[in-house]
There are 4 protein chains.
Amino acid sequence: MIVWSKSASFRHCRASPVTKHTPRARLVSNSRPFRRAEEIIDAAARVFAERGYHGASTQDIADVLGMRQASLYYYFASKEAALELVCARGVEGHAEAAEAIVAGLDPPLGKLAKLIAAHLAPNATKRDYVKVFINERRYLPTASRRRIGRVSRRIEGNFERVIQAGIADGSMRRDIDPHLAMLSVLGLCNAVINWRRADQAMAVDSIAAQFATLLADGLATNCKRRPRKGL
Amino acid sequence: MIVWSKSASFRHCRASPVTKHTPRARLVSNSRPFRRAEEIIDAAARVFAERGYHGASTQDIADVLGMRQASLYYYFASKEAALELVCARGVEGHAEAAEAIVAGLDPPLGKLAKLIAAHLAPNATKRDYVKVFINERRYLPTASRRRIGRVSRRIEGNFERVIQAGIADGSMRRDIDPHLAMLSVLGLCNAVINWRRADQAMAVDSIAAQFATLLADGLATNCKRRPRKGL
Amino acid sequence: MIVWSKSASFRHCRASPVTKHTPRARLVSNSRPFRRAEEIIDAAARVFAERGYHGASTQDIADVLGMRQASLYYYFASKEAALELVCARGVEGHAEAAEAIVAGLDPPLGKLAKLIAAHLAPNATKRDYVKVFINERRYLPTASRRRIGRVSRRIEGNFERVIQAGIADGSMRRDIDPHLAMLSVLGLCNAVINWRRADQAMAVDSIAAQFATLLADGLATNCKRRPRKGL
Amino acid sequence: MIVWSKSASFRHCRASPVTKHTPRARLVSNSRPFRRAEEIIDAAARVFAERGYHGASTQDIADVLGMRQASLYYYFASKEAALELVCARGVEGHAEAAEAIVAGLDPPLGKLAKLIAAHLAPNATKRDYVKVFINERRYLPTASRRRIGRVSRRIEGNFERVIQAGIADGSMRRDIDPHLAMLSVLGLCNAVINWRRADQAMAVDSIAAQFATLLADGLATNCKRRPRKGL
DNA sequence: TATGAATGAGCGTTCATTCAT
DNA sequence: TATGAATGAACGCTCATTCAT
């Protein structure tokens with residue numbers, strides 16, 4: 001339940017003001033106390049996604065939760081640790097899903113389509129986490145950036161191997177560089193999370209996946225049209 | 001007491017563009033014994049009184065308190081907010097006291113004398129606050145200056161109405177302008193706070209009240225001597 | 001290239017912007033170059049009067065003049081020096097005028113009325129200077145504050161001596177303290193400069209002088225009404 | 001003589017209350033060789049690109065330049081103003097180039113390829129500016145974000161209109177949404193700036209343009225292969 | 001006579017973090 | 001599990017002042 005209580009002009013009371021205007025949503029749980037940790041990192045994801053890591057303060061996170069800034073430190077050791085947590089959750093499962101697809105029996109082009117769809121799926125289910133991973137992971141301290149980086153590379157590897165396989169079996173053009181192709185596909189996929197929500201609503205699920213498929217088609221050999229050289 | 005402070009209304013995570021904090025005024029009661037907070041605004045009053053608002057730094061206030069300058073911001077949201085707090089306390093009760101007197105049964109001249117005495121009384125009990133109100137309220141940001149200004153006007157109104165009543169019932173000269181008379185009486189009263197301490201010690205409570213009473217007498221009709229030109 | 005920036009993208013361009021709104025006044029002389037110094041201290045007086053010494057920046061002064069901040073230092077050695085200049089001009093002549101009146105032949109009550117009128121006269125002719133003297137002289141560095149203080153004391157002395165004379169010759173009540181009476185009269189006179197302009201327009205010249213005369217009347221012995229004791 | 005000329009927003013000496021500086025946007029031309037200014041915004045671009053707007057401090061910028069941090073403010077009015085300057089330069093010319101291409105005689109697919117190439121070209125010549133525009137423009141204050149936003153929309157409009165033209169003349173599939181296609185193309189293009197430098201070296205100018213061209217091919221109708229579901 | 005460029009000092013404020021409770 | 005109180009560090013910014021020109 002959400003409770004709006006009155007209190008003082010002091011900073012620490014920020015979360016319980018007597019507001020005159022329509023109150024805004026605050027994330028507060030009164031059931032299932034062991035879920036509290038989830039809520040806290042959820043709030044962090046939300047705030048980091050909205051304002052960027054450096055643009056967000058721990059106070060902002062506390063505000064969303066209706067708790068005091070200091071209390072956050074019961075749940076994470078530092079702001080950077082919170083960022084790593086959010087980023088980690090933002091790629092959680094991506095690599096495994098990709099590997100499962102690559103291990104499957106589809107032809108390379110089919111695999112690529114599936115990889116794209118799988119890569120975009122979490123945009124719908126954990127938007128904020130994915131957005132933070134994409135936009136903010138660069139601000140992680142070296143150690144954890146490397147940890148997260150390993151996951152990124154696993155994902156990229158899967159895309160790249162599929163493209164290589166496509167070139168090898170002749171289903172994709174041989175005039176492309178697999179590495180740059182992979183970067184392009186992922187670049188497009190990752191751009192989606194920053195689209196306006198309305199655009200994204202169309203993209204996530206199906207549409208964007210299909211546009212990505214167009215890219216796969218672009219790579220396909222049975223496309224009569226040749227790229228102009230040296231453009 | 002009632003205090004207006006700035007505070008954050010966190011806007012629900014919207015996608016980019018990033019929203020900024022646009023703090024809103026909040027009505028906050030601090031009736032419970034926030035002892036430390038009292039000390040802090042006391043120190044602010046002292047320092048503002050001594051050096052003027054712009055001449056005083058928050059560091060000066062912190063020095064008086066023996067705490068770090070940054071720690072002040074736990075107690076007030078901004079230097080300007082501290083000024084408003086001090087100013088508000090500097091006029092607190094003035095208007096109410098004046099209204100009580102005006103509502104009483106004394107004749108206008110008696111009321112005027114009482115108004116003057118009541119107006120000067122706080123000079124003894126909360127010197128710094130009154131001094132800051134008188135000398136520094138002009139540096140308040142527009143919004144709070146207006147709030148404080150409303151109180152000033154209530155006080156002025158009471159003085160003016162009593163003078164009008166005195167003119168109406170014939171106990172005061174009809175050749176004076178009530179508005180200017182009010183300004184003069186208050187001008188003199190408010191000057192006292194800036195006197196040298198030794199002079200003030202005599203003024204506050206009795207002496208200054210007596211001089212002010214002389215002024216009241218100056219306004220009285222039963223004074224034989226007439227001012228020179230066409231007043 | 002064309003650039004939109006807040007205020008000025010280049011600080012030094014402040015004085016030559018392309019403004020879209022109705023232009024505001026700037027004090028610029030194109031004749032009599034040797035008068036420039038006058039204009040500069042005039043601008044300082046204006047700005048100090050409006051914003052207070054500490055609330056005003058040298059940039060503010062430069063803005064009024066349409067010149068660069070650094071150029072001011074050709075005319076005065078420091079901001080404090082400018083303040084002293086303005087303050088000095090704010091009391092210039094006051095003491096002499098008062099002394100001339102006191103040396104005259106009027107009876108004490110007449111002298112007091114003349115002193116008041118003379119004291120208020122400069123409010124009309126050099127408002128800003130007087131206002132700065134009254135409100136800001138406390139911020140002068142010790143040395144110059146003492147210099148200016150000597151003038152103040154001369155003025156006060158004249159008022160006080162006249163009151164003493166009035167008491168001595170029986171034309172003023174003997175139950176008043178001449179020192180406090182002097183402070184009261186000057187307190188009222190000095191308050192006028194801070195009144196709203198509309199009020200002041202009435203005060204300066206005649207009305208306020210006449211109210212001050214009321215105070216002299218209040219001090220006069222031929223007033224039947226006695227002050228209540230111990231109010 | 002006194003001349004009232006247009007300029008600075010100084011408010012003519014009003015009596016208290018004190019007026020504040022309320023700076024207004026001002027149009028300033030800096031066509032003359034403000035060399036140092038160029039260096040300063042170059043440094044800002046570099047630092048913002050490297051660490052992100054909020055991750056970079058003005059001290060960081062000053063360090064790059066070997067000057068004191070305070071001195072920066074001689075060249076720009078605020079950190080935000082510097083960001084806007086950098087962002088503005090990051091898109092400068094993009095819209096015009098795009099419009100020139102669209103106004104040309106090429107068929108839609110050819111125009112699209114040219115648009116892509118033109119859009120990527122500045123990546124090589126003003127990397128930092130473009131990167132800041134793409135990654136950090138969301139942190140601009142509302143007013144300037146809108147100004148910059150107008151340019152973005154012009155660019156997007158050109159891409160979208162070309163795609164619409166392609167659909168209209170049958171050279172591009174009619175089963176695609178022009179808006180999403182535009183977003184995808186630009187999403188991919190804009191991703192390039194964040195690639196590792198080694199990858200980018202290949203992309204900028206030719207390679208990435210070629211991959212983007214592949215995407216254009218993906219959009220072309222003469223591609224036999226159809227995307228799976230109901231596109 | 002005035003300016004462009006720069007600076008050192010300091011200011012108000014924010015922020016991540018700590019710690020006793 | 002959470003908070004009130006406080007802090008050190010740094011941040012963006014302003015300001016009076018200097019100085020070569």
Side-chain angles (χ1 to χ4, degrees), chain A residues 8 10-13 15-16 33-34 36-37 40 54 56-62 65-82, chain B residues 6 8 21 34 36-37 40 54-62 65-82, chain C residues 10-13 15 33-34 36-37 40 54 56-62 65-82, chain D residues 21 34 36-37 40 54-62 65-82:
Chain A
F10 303 105
R11 244 308 202 19
H12 53 277
C13 293
S16 49
F34 59 93
R36 193 74 179 142
I40 267 97
H54 282 302
S57 72
T58 55
Q59 181 64 61
D60 292 334
I61 302 173
L65 291 158
M67 82 196 309
R68 307 292 167 267
Q69 190 193 7
S71 313
L72 295 174
Y73 284 78
Y74 183 82
Y75 295 97
F76 46 70
S78 71
K79 198 189 171 194
E80 278 177 346
Chain B
K6 316 182 174 182
H21 298 278
F34 282 99
R36 190 80 179 131
I40 270 113
H54 283 302
S57 73
T58 54
Q59 183 62 62
D60 294 335
I61 302 174
L65 291 158
M67 79 197 305
R68 304 301 126 175
Q69 180 243 15
S71 310
L72 292 176
Y73 284 79
Y74 183 72
Y75 293 96
F76 47 69
S78 69
K79 199 190 173 193
E80 277 178 347
Chain C
F10 299 91
R11 244 305 202 18
H12 52 275
C13 295
F34 60 95
R36 193 77 179 139
I40 269 98
H54 283 302
S57 72
T58 53
Q59 180 64 61
D60 292 334
I61 302 173
L65 292 157
M67 83 195 311
R68 308 291 167 268
Q69 189 196 9
S71 313
L72 294 175
Y73 283 80
Y74 183 81
Y75 294 97
F76 47 71
S78 69
K79 199 188 169 194
E80 276 177 348
Chain D
H21 297 279
F34 282 99
R36 190 80 179 132
I40 270 115
H54 283 302
S57 72
T58 52
Q59 182 63 64
D60 293 335
I61 301 173
L65 291 158
M67 78 195 308
R68 307 298 125 173
Q69 180 247 12
S71 310
L72 293 176
Y73 284 80
Y74 183 74
Y75 294 96
F76 47 70
S78 70
K79 200 189 170 194
E80 277 178 348

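No experiment lies behind these values; they were computed from the predicted model shown. Numbered from 1 within each chain, the chains take letters A, B, ... in sequence-line order.
Shortest non-hydrogen contact noted between B:A62 and B:R68 is CB-C, 3.9 Å. Here the closest non-hydrogen pair linking B:L65 and B:R36 is O-NH2, 4.0 Å. Closest non-hydrogen pair, B:Y73 versus B:K79, comes out as OH-N, 4.2 Å.
The distance between atom CG of D:L65 and atom C1' of E:dA5, rounded to the nearest whole Å, is 14 Å. For D:L72 and F:dC15, the CG to P distance is 17 Å, given to the nearest whole Å. Taking atom OH on A:Y74 and atom C1' on F:dT1, their separation rounds to 5 Å, with Å as the unit. Regarding B:Y75, its OH atom lies at a distance of 17 Å from the C1' atom of E:dT13, rounded to whole Å. D:M67 has its CE atom 5 Å from the P atom of E:dA6, to the nearest Å.
Put simply, the side chain of C:Y74 does not reach to within 4.5 Å of the side chain of C:M67, judged on heavy atoms.
An OP1 or OP2 oxygen of E:dA5 is reached within less than 4.0 angstrom by no side-chain nitrogen or oxygen of C:R68. Within the 4.0 Å cut-off from OP1 or OP2 of E:dT7, at least one side-chain nitrogen or oxygen of D:S71 is found.
Between atom CD of residue C:Q69 and atom CD of residue C:Q59 there is a gap of 5.0 Å, rounded to the nearest 0.5 Å.
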Tell me, what's DNA chain E's dot-bracket, Watson-Crick or G-U with both distances under 3.5 Å, | for other-strand, [ ] crossing? .||||||||||||||||||||
Reading nucleotides 16-21 of chain E from 5' to 3' and marking B where a protein heavy atom lies under 4.0 Å of the base, S where only the sugar-phosphate is that close, and - otherwise, the string is BBB---
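Residues passing the side-chain hydrogen bond (donor to acceptor under 3.5 Å, both in side chains) test with B:S57, sequence neighbours excluded: B:D60. For A:E80, there are no side-chain hydrogen bond (donor to acceptor under 3.5 Å, both in side chains) partners, not counting sequence neighbours. In this structure, the side chain to side chain contact (heavy atoms under 4.5 Å, CB included) partners of C:F76, at least two apart in sequence or on a different chain, are C:I40, C:L72, C:A82.
When each of D:D60 and A:I40 is assigned the nucleotide of DNA chain F bearing its nearest heavy atom, the one mapping closer to the 5' terminus is A:I40.
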